[in-house]
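Read through the structure below, which is laid out as structure tokens, and then see the notes.
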Amino acid sequence: MKPARTRFAPSPTGFLHVGGIRTALFAWLLARQTGGQFILRLEDTDKAREVEGSGQHIMDSLHWLGLDWDEGLEIGGRFAPYQQSQRLDIYKQWAQKLVDKGRAYADPYTQTEVEAFREAAKAAKKPFLFRNHRPQNPPAWDGTQPLRFKSDPKPYEWHDAVMGDLSAGPEAVDDFIILKSDGYPTYNFCHIIDDFLMECTHVMRSQEFVASIPKFLNLYEALEIERPILATFPYVMGPDGKKKLSKRDGAKDVLDYAREGYLPEAMINFMATLGWNDGTEQEIFTPAELIEKFSLERVQKGGAHFDEQRLLWMSGAHIRALSIGELYACSKEFWPAEAGGYDDAYKKRVLGLVQERLKFFAELPNLTVFFFKDLPVKSSLWTEHKQLKKLSNDEIKPLLEQAKATIAASDFSVDDLTARLNELLEQTVQKPAVLFSIIRIATTQSPSSPGLADTLAVLGRKVSLRRIDAMLSAL
RNA sequence: GGCCCCUUCGUCUAGUGGUCCAGGACGUCUGGUUCUCAUCCAGAAAAUCGCGGGUUCGACUCCCGCAGGGGUCACCA
């Protein structure tokens, strides 16, 4: 496959959610797979909608996920600048070419007048076509009026790398504004210029643009530029309902997942398999595998719902696949405050015990506090326990005393602890559900914990016995 | 309303005329793994393949119609 030059061209109107960044991911995947380039371009031509700081926020999101770009914002490149607001002269030149060829004209109407045309069309239940109102003798363009493309309506058939063969009639082609009266170009115009100048081989974007593609096709012809490969992605849908994932319906900022301690490779895996699969039964992919196996042809045509459960499962699966060293490196910012005084070796042992129950790192404090801090005695743990609620304190106390003696005699290796605990089971003729629960609750004061012997071994003699004593005096 | 697109278990999907009374995964449920939670293992329930017509010996797969859903018809991208 020829090296692909793909691009991600967001507008700085806020944060990126999973739906938006999946588009970036697919474009990146293709560039990496073919040994091509991935370009990051900022489409900041709408000053009104621009949100301060979102350019940086978008870059942060891409950085976190490891979607690195070869040209574009921050780093520049052969076709700099990569920010459309700094390329106004370029668009003006290209627009002038169109004017010279008689393929663009000044729009003489006021916005109110155009709005009236639109209303009339709507009332007549007809699609609005500006070209039906194309002026006979448009005024000379002086830069203060919007400049419109003079279209050449005709039917089109084209191929989309994802959607397949598409077609539309001439009614899909209309005169649209290419330069606004404020001097800024519209997306419809400048993305075509930039993609051409930046030598993009593929234009990958989401579904809302399909209806405009005939217009773009018409413009490519007028500009006499070869059109790139088109690839249109379906939406990522909200968890319920039929609407696309959107900020106003609570879609999260991708960086929220970073803050909650999801692994970037898990997010990538999740996003990639939302609407794509390799045809095998493989579910878990590393980024490298994705680069190798991704293909536009296997992207679904229909929208896929965002499934939080699946994300959680996938995140846990990626966490489980990490070595302790890797896991530890990722866990740095998520430890409970009390862990500050403990050394790396201790924390790694703790991590080893919770790795298989961790779904994302923000869960770390809840899962591990008791390894760092004596928790207050919590009576509900006894009263709500299936087995223990049937026992009185007088029944529990001697068992815990015995357990204390047993544990005190141990060298606190997991094996020795296990062996002694098993002996105790026989001596007391208790079920593990009773005996182990008593010890577990006494030493952790938590509703759940890793296995008892493992937990005690990490806690150590001093802490274990201290907590048992505290429990004993509370009973 | 015109035009365009989409439609397989709750969800993500496999499936390109017979190997599919539809396979996998998430989730759910059941059981097991000496305690809890999780992991892991085993098993179960779960899709009349949107509906109706064709074509064919045979259709989830091809054709036609319909329905539902979505998109679009901005000096937003």
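These figures come from a predicted structure and were not determined experimentally. In what follows, chains are A, B, ... by sequence order, proteins preceding strands, each numbered from 1.
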Do any N or O atoms of the protein come closer than 3.5 Å to N or O atoms of nucleotides 1-6 of chain B, and which pairs are they?
residue	atom	partner	partner atom	Å
B/G1	O2'	A/K125	O	2.7
B/G1	N2	A/P127	N	3.4
B/C4	O3'	A/S167	O	3.4

If pairing means Watson-Crick or G-U wobble with both distances under 3.5 Å, then the partner of B/U55 is none

Would you mind telling me which of B/C35, B/C75, B/G70 lies closest to the side-chain atoms of A/V114? B/C75

With a 4.0 Å cutoff (strictly under), does any side-chain N or O of A/R118 reach OP1 or OP2 of B/A74? yes

Identify the nucleotide, in any strand shown, that forms a Watson-Crick or G-U wobble pair with B/G43, with both distances under 3.5 Å; if there is none, say none. B/C29

Which ones in residues 141-149 of chain A lie close to RNA chain B, meaning a heavy atom under 4.0 Å from one of its atoms? A/P146, A/R148

With a non-hydrogen cut-off below 4.0 angstrom, is A/N422 in contact with a base, only sugar-phosphate, or nothing? base

Using atom C1' in both nucleotides, what's the gap between B/C12 and B/C75 to the nearest angstrom? 41 Å

NZ/A/K378: more than 12 non-hydrogen atoms of other groups inside 6.0 Å: no

Only pairs with both distances under 3.5 Å count, Watson-Crick or wobble alike; so what is the partner of B/U48 in this structure? none

Contact under 4.0 Å: A/R310 side-chain N or O vs B/G24 OP1/OP2: no

For B/C49 and B/G71, measure between their C1' atoms and round to the nearest Å. 25 Å

B/C29 to B/A46 separation - C1' atoms, rounded to the nearest Å: 11 Å

Taking any strand in view, what nucleotide pairs with B/U7 in a Watson-Crick or G-U wobble way, both distances under 3.5 Å? B/A67

For A/T232, which contact category applies under a 4.0 Å heavy-atom criterion: base, sugar-phosphate, or nothing? nothing

Can you name the atoms? Protein N/O to nucleotides 39-46 of chain B N/O, anything below 3.5 Å, with the distance.
residue	atom	partner	partner atom	Å
B/U39	OP1	A/K359	NZ	3.4
B/C40	OP1	A/R320	NH1	3.4

Could you tell me whether the phosphate oxygens of B/G15, OP1 or OP2, come under 4.0 Å of any side-chain nitrogen or oxygen in A/R298? yes

Would you mind classifying the nucleic acid contact of A/S181 as base, sugar-phosphate or nothing, using non-hydrogen atoms under 4.0 angstrom? base

Write down the distance separating the C1' atoms in B/G18 and B/U39, rounded off to the nearest Å. 42 Å

